[in-house]
Peer 1: 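Pasting in a structure now, in structure tokens, and then I'll have a few things to ask.
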Number of protein chains: 2
Amino acid sequence: MLTRKAKYALKAMLVLARKGTDDPVFISELAKASGVPKKFLELILLELRNAGLLESKRGKAGGYLLGLPAQDIMVGQVIRAVDGPMAPVPCLSKTAYRRCDDCEHEGECGVRLALREAYQASLAILERTSLEDTLEMMAESHDTVAAMPMYNI
Amino acid sequence: MLTRKAKYALKAMLVLARKGTDDPVFISELAKASGVPKKFLELILLELRNAGLLESKRGKAGGYLLGLPAQDIMVGQVIRAVDGPMAPVPCLSKTAYRRCDDCEHEGECGVRLALREAYQASLAILERTSLEDTLEMMAESHDTVAAMPMYNI
DNA sequence: ATATACTCTAGTAATTCTATCGGATAACTT
DNA sequence: AAGTTATCCGATAGAATTACTAGAGTATAT
């Protein structure tokens with residue numbers, strides 16, 4: 001399960017991506033728009049900024065804005081920035097590889113092999129789905145709903 | 001990240017699958033073979049049994065054995081049995097669907113759409129990869145290692 | 001009977017998650 | 001220069017989850 005933190009991060013990033021402006025947005029505004037507790041969001045935005053996904057401006061008229069174009073920020077990057085590595089076992093992680101302390105022959109580790117393909121498939125998609133792509137899916141799904149016949153007039 | 005519990009569950013199930021016998025195996029034996037703390041394993045095996053993936057025999061000469069043929073037990077089932085639903089957000093879960101309390105229009109929820117494909121891809125693989133398949137992969141990877149030229153004679 | 005092995009309910013220490021507090025720092029305004 | 005506004009950041013705290021462990025109970029083979 002995704003942590004609340006990662007969920008909040010995605011929400012906030014999507015709000016910023018949809019806004020599409022070059023003017024920074026206040027945390028308070030983002031908090032309201034995304035429904036995330038302001039103080040918690042502060043923390044999250046800071047982490048996203050330290051990961052290079054956001055830029056910030058301090059002082060009056062400060063706030064946050066995307067650090068890259070929305071099509072260059074991948075869903076996987078956002079999750080990884082706040083939740084850490086996504087791999088089901090450390091020995092499958094690309095960004096934070098670590099040997100499992102409990103298995104001696106990694107090459108033949110059943111758990112690793114059982115999860116490997118599933119993880120790779122999921123990762124491939126998370127690493128090529130951008131915020132922009134997500135916005136498009138949102139627009140489409142909205143159209144779909146709107147295009148559905150209204151029987152209950 | 002997979003919990004240790006799920007990892008232990010997979011390990012134990014794989015030991016049983018490899019054994020391939022119809023005689024029950026002691027928890028203590030299983031604990032030694034899989035490197036899982038015995039008391040903890042007890043708990044895990046019980047859950048796997050309650051999920052129908054294992055059968056048990058009580059009393060002297062008791063123990064555990066697979067409840068189904070190894071090709072009919074899927075990696076995803078094992079994980080779900082001990083860790084609960086695998087979906088990144090409850091509104092994507094097939095087995096434990098729940099509306100997210102924080103998003104009102106589910107159809108247009110960005111988080112849901114951002115994760116949907118990746119989750120489906122991963123799930124599809126976890127639900128069609130059996131213990132038997134995993135054993136085969138283990139054997140293959142073992143062969144591969146063994147077949148590698150030995151330069152350091 | 002009795003020894004053996006699973007069953008099952010609690011409990012617990014450690015860690016992680018989900019925030020919140022409060023003050024420091026930066027920048028804009030007047 | 002002073003005041004206002006907003007981010008920065010370290011510390012903290014309660015709740016939930018994880019990873020076990022204890023111990024009493026129950027079934028079964030011999």
Side-chain angles (χ1 to χ4, degrees), chain A residues 1-12 16 23-32 34-51 53-67 79 81-86 88-90 100-102, chain B residues 1-12 16 23-67 79 81-86 88-90 100-102:
Chain A
M1 184 83 87
L2 209 62
T3 62
R4 221 167 257 264
K5 206 171 162 189
K7 194 177 182 182
Y8 289 165
L10 277 173
K11 282 189 170 193
L16 282 173
D23 301 328
V25 180
F26 299 147
I27 295 180
S28 53
E29 203 173 322
L30 271 176
K32 198 179 295 177
S34 60
V36 178
K38 190 193 160 199
K39 267 299 194 180
F40 196 20
L41 185 57
E42 241 177 60
L43 189 77
I44 294 166
L45 293 174
L46 212 49
E47 289 183 24
L48 290 168
R49 195 206 59 160
N50 290 338
L53 303 179
L54 288 178
E55 277 175 25
S56 65
K57 255 187 86 177
R58 299 181 67 160
K60 202 168 173 176
Y64 279 94
L65 50 108
L66 294 187
I79 295 174
V82 297
D83 268 5
M86 297 183 286
V89 280
C100 297
D101 21 329
D102 53 338
Chain B
M1 185 83 88
L2 210 63
T3 62
R4 222 168 256 265
K5 203 172 164 189
K7 195 178 183 181
Y8 289 165
L10 278 173
K11 282 189 170 194
L16 282 173
D23 301 328
V25 180
F26 298 147
I27 295 180
S28 54
E29 202 173 324
L30 228 36
K32 199 179 296 177
S34 60
V36 178
K38 189 192 159 199
K39 265 301 195 179
F40 195 21
L41 184 58
E42 249 178 48
L43 191 75
I44 294 166
L45 293 174
L46 211 49
E47 288 183 25
L48 290 169
R49 196 206 61 160
N50 290 337
L53 303 179
L54 288 179
E55 277 176 24
S56 65
K57 252 188 87 176
R58 299 179 68 160
K60 203 169 174 176
Y64 279 96
L65 48 108
L66 294 187
I79 296 174
V82 296
D83 268 5
M86 298 183 285
V89 281
C100 297
D101 21 329
D102 52 339

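Predicted model only: the values in this text are computed from it and were never measured.
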Peer 1: Go through DNA chain D in 5' to 3' direction and return only the first and the last nucleotide with some atom under 4.0 Å of chain A's heavy atoms.
Peer 2: D/dT5 to D/dC9
Peer 1: Please give, in whole Å, the distance from C/dT16 C1' to B/Arg4 CZ?
Peer 2: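 One finds 14 Å between C1' of C/dT16 and CZ of B/Arg4, rounded.
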Peer 1: Does the side chain of A/Lys7 come within less than 4.5 Å of B/Val89's, by heavy atoms?
Peer 2: yes
Peer 1: On DNA chain C, check which nucleotide each of B/Val25 and A/Leu2 is closest to and give me the residue with the more 5' one.
Peer 2: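 Nearest-nucleotide comparison on DNA chain C picks B/Val25.
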Peer 1: What pairs of donor and acceptor atoms, side-chain ones from residues 24-34 of chain B against any protein atom, are under 3.5 angstrom apart with sequence neighbours left out?
Peer 2:
| residue | atom | partner | partner atom | Å |
| --- | --- | --- | --- | --- |
| B/Glu29 | OE2 | B/Lys19 | NZ | 3.0 |
| B/Ser34 | OG | B/Leu30 | O | 2.7 |

Peer 1: Round to the nearest Å and state the distance from B/Lys39 atom NZ to C/dC8 atom P.
Peer 2: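 Nearest whole value for this atom pair: 13 Å.
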Peer 1: Among C/dT7, C/dT18, C/dA19, which nucleotide sits nearest the side chain of A/Lys5?
Peer 2: C/dT18
Peer 1: Between P on C/dA5 and CG on B/Leu46, what's the gap in Å once rounded to a whole number?
Peer 2: 17 Å
Peer 1: Is B/Phe40 touching bases, backbone alone, or none of the nucleic acid, heavy atoms closer than 4.0 Å?
Peer 2: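 Here B/Phe40 touches the bases of the nucleic acid.
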Peer 1: Taking the side chain as everything from C-beta on, heavy atoms only, tell me whether B/Leu46 gets closer than 4.5 Å to B/Leu54.
Peer 2: no
Peer 1: Starting at CG of A/Asp83 and ending at C1' of C/dT18, how long is that distance when rounded to a whole Å?
Peer 2: 12 Å
Peer 1: I want to check something: taking the side chain as every heavy atom from C-beta on, are B/Leu43 and B/Lys39 in contact at a cut-off of under 4.5 Å?
Peer 2: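 The answer is no; the side chains never approach within 4.5 Å.
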Peer 1: Quickly work out the B/Glu55 CD to C/dC6 C1' distance and round it to whole Å.
Peer 2: 14 Å
Peer 1: Tell me, do B/Pro90 and B/Cys100 make a side-chain contact under 4.5 Å, heavy atoms counted?
Peer 2: yes
Peer 1: Below 3.5 Å, does any donor atom in the side chain of B/Glu42 face an acceptor in the base of C/dC8, or the other way round?
Peer 2: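 Indeed there is one.
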Peer 1: C/dT4 P sits how many Å from B/Glu29 CD, rounded?
Peer 2: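 Going from B/Glu29 (CD) to C/dT4 (P), I get 16 Å.
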Peer 1: Which whole-number value in Å describes the distance from A/Leu41 CG to C/dT20 P?
Peer 2: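 Result: 11 Å.
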Peer 1: Indicate whether OP1 or OP2 belonging to C/dC8 is found under 4.0 Å from a side-chain N or O atom of B/Arg49.
Peer 2: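 Checking B/Arg49 against C/dC8: at least one side-chain N or O falls below 4.0 Å of OP1 or OP2.
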Peer 1: Taking C-beta and beyond as the side chain, do B/Glu55 and B/Tyr64 meet within less than 4.5 Å on heavy atoms?
Peer 2: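 The answer is no, as the side chains (C-beta and beyond) never meet within the 4.5 Å cut-off.
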Peer 1: Is the shortest side-chain heavy-atom distance between A/Met86 and B/Met1 below 4.5 Å?
Peer 2: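 Answer no - side chains too far apart.
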Peer 1: I want to check one thing: is the phosphate of C/dA19, taken as OP1 and OP2, less than 4.0 Å away from some side-chain N or O of A/Tyr8?
Peer 2: yes
Peer 1: Do A/Asp23 and A/Leu65 touch side chain to side chain, with heavy atoms closer than 4.5 Å?
Peer 2: no
Peer 1: Which value, rounded to the nearest 0.5 Å, describes the distance between A/Asp83 atom CG and A/Thr3 atom OG1?
Peer 2: 3.0 Å
Peer 1: What's A/Ile27 touching, base or sugar-phosphate or nothing? Going by heavy atoms closer than 4.0 Å.
Peer 2: sugar-phosphate
Peer 1: Between residues 56-65 of chain B and DNA chain C, which residues have a heavy-atom gap below 4.0 Å?
Peer 2: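 Here the set is B/Ser56, B/Lys57, B/Arg58, B/Gly59, B/Lys60, B/Gly63, B/Tyr64.
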